[in-house]
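Here the structure comes first, spelled out in structure tokens, and everything after it is commentary.
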2 protein chains.
Amino acid sequence: MKRSKNRKEEIYAVSAKLFRKRGYVASTMRDIAELVGIEPSSLYSHIKSKEEILIKICMTCAQEFDDGMVRVIQSNKGIHQKIEDLIDLHLDIALNKPSSVTVFNDEWKHLPEKELNEFMVIRSEYASNFKEILMIGIKKGEIVSMSESTAFQLIINSVKWLHFYVKKLSEAELREKRKEIKQFIIRGLFL
Amino acid sequence: MKRSKNRKEEIYAVSAKLFRKRGYVASTMRDIAELVGIEPSSLYSHIKSKEEILIKICMTCAQEFDDGMVRVIQSNKGIHQKIEDLIDLHLDIALNKPSSVTVFNDEWKHLPEKELNEFMVIRSEYASNFKEILMIGIKKGEIVSMSESTAFQLIINSVKWLHFYVKKLSEAELREKRKEIKQFIIRGLFL
DNA sequence: CCTACCGATCGGTAGG
DNA sequence: CCTACCGATCGGTAGG
């Protein structure tokens with residue numbers, strides 16, 4: 001049972017890396033099996049289907065973003081600090097699970113219909129919450145006057161690339177880049 | 001001959017849209033044929049292979065970026081204006097060919113080995129040219145002190161999402177968002 | 001541009 | 001977790 005659970009986790013981890021590198025569709029169960037070190041059919045003792053792996057990766061990531069958003073909303077901090085916390089949330093998740101985040105960002109469109117619909121609902125609710133915070137900042141005059149939809153896209157895309165450098169850079173270099181990203185967003189957004 | 005050339009262009013256009021929507025690997029020759037309105041095997045009267053379509057889309061896009069970069073480098077403008085021109089270059093290409101740009105951004109990893117190597121060389125040369133301009137601005141003190149590699153990523157990722165809104169927004173709304181993106185980058189980057 | 005077709009590979013199952 | 005296997009689908013070809 002414990003052995004089996006470890007195997008399952010191993011399959012998810014190996015798959016996330018493979019999906020990141022080759023994409024979900026081009027990654028085969030045979031590839032995954034080889035990386036895990038078992039026969040392809042043996043994968044099905046631990047998981048139900050290839051789709052289940054993608055679902056698990058995407059939904060786990062979505063949950064982490066959602067949990068972080070709840071924490072930010074429930075905090076009694078000001079708009080500026082809330083935005084900084086959200087930037088840190090994205091950066092933390094991306095640097096802790098670079099492969100999962102890439103799959104979450106780029107492969108979610110291959111989710112089966114039911115889970116795809118759920119995923120898109122979660123995403124759009126997350127975006128609404130984020131934009132709500134931005135809108136307050138804009139109305140208050142703390143943030144540059146612009147569409148909150150644009151501000152949202154600018155923030156999330158400014159943090160959407162650092163995870164590709166996890167393997168290439170040292171801890172110190174990553175910390176430095178984090179700082180530069182945050183300063184760039186704050187400078188561009190706040191008055 | 002002219003009919004055939006139009007067909008070829010039609011195949012490329014239809015494929016770019018399909019690749020954008022479903023991804024390259026999940027798009028089949030049968031899907032493309034159906035969208036064009038011919039039998040799958042008939043595609044091969046106009047193109048050599050599925051890979052050829054991807055190569056054409058990616059390399060055409062790469063060429064457009066490269067041409068734009070040459071124009072900017074050869075201009076006698078200051079650093080600030082060169083950066084603005086490069087932002088406009090990215091935005092122009094993205095808004096004129098939203099499907100191709102998405103394929104160029106997300107599907108290039110599926111290029112066959114030879115073209116993949118060529119593509120990565122072109123990309124890294126483009127990045128070097130871009131970072132060279134940024135470095136001069138940083139040294140001169142016109143740009144906030146930061147790694148030029150970070151500055152490069154921040155700029156290209158700030159403009160990497162507008163093309164997803166081409167179908168949803170009006171011309172006027174797109175122009176407004178362009179302005180907001182440019183102001184955000186300039187504010188975040190320049191002193 | 002079509003009809004007819006093929007070898008390769010895919011995700012997954014049966015049975016142990 | 002393995003051996004053996006299968007139906008479906010893929011990119012592509014032959015020949016007209």
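Below, read A as the first sequence line, B as the second, and so on, with proteins coming before strands; counting in each chain starts at 1.
- Here CG of A:Leu91 is found 13.0 Å from CZ of A:Arg175. Values are rounded to the nearest 0.5 Å.
- Rounded to whole Å, the distance from NZ on B:Lys8 to P on C:dC1 is 13 Å.
- Rounded to a whole Å, the CD atom of A:Glu39 is 19 Å from the P atom of C:dG16.
- Within 4.0 Å of A:Thr28, counting heavy atoms only, lie sugar-phosphate atoms of the nucleic acid but no base atom.
- Between B:Asp88 and B:Arg178 there is a salt bridge, since at least one side-chain N of the basic residue sits less than 4.0 Å from a carboxylate O of the acidic one.
- Using a 3.5 Å distance cut-off with no hydrogens or angles, the side chains of A:Tyr165 and B:Gln153 do pair a donor with an acceptor.
- Pair assignment for C:dG11 gives D:dC6, based on Watson-Crick or G-U wobble hydrogen-bonding distances that are each under 3.5 Å.
- When the C1' atom of C:dC6 is taken as reference, atom CZ of B:Arg30 falls 11 Å away, rounded to whole Å.
- Between the side chains of B:Ser99 and B:Lys17, not a single donor N or O lies within less than 3.5 Å of an accepting N or O.
- Contact annotation: side chain of A:Ser42 to base of D:dC2, donor-acceptor pair absent below 3.5 Å.
- Of the nucleotides present, D:dC1 is the one that pairs with C:dG16 by Watson-Crick or G-U wobble criteria, both distances under 3.5 Å.
- In this entry the distance linking CD of B:Glu51 with P of D:dG12 reads 7 Å, nearest Å.
- Atom pair A:Met29:CE and D:dC2:P shows a separation of 14 Å (rounding to whole Å applied).
- Rounded to whole Å, the distance from NE2 on B:His110 to P on D:dC10 is 16 Å.
- Rounded to an integer number of Å, the gap from NZ of A:Lys50 to P of C:dT9 is 15 Å.
- Computed from coordinates, the B:Tyr44 OH to D:dG15 C1' distance equals 17 Å when rounded to whole Å.
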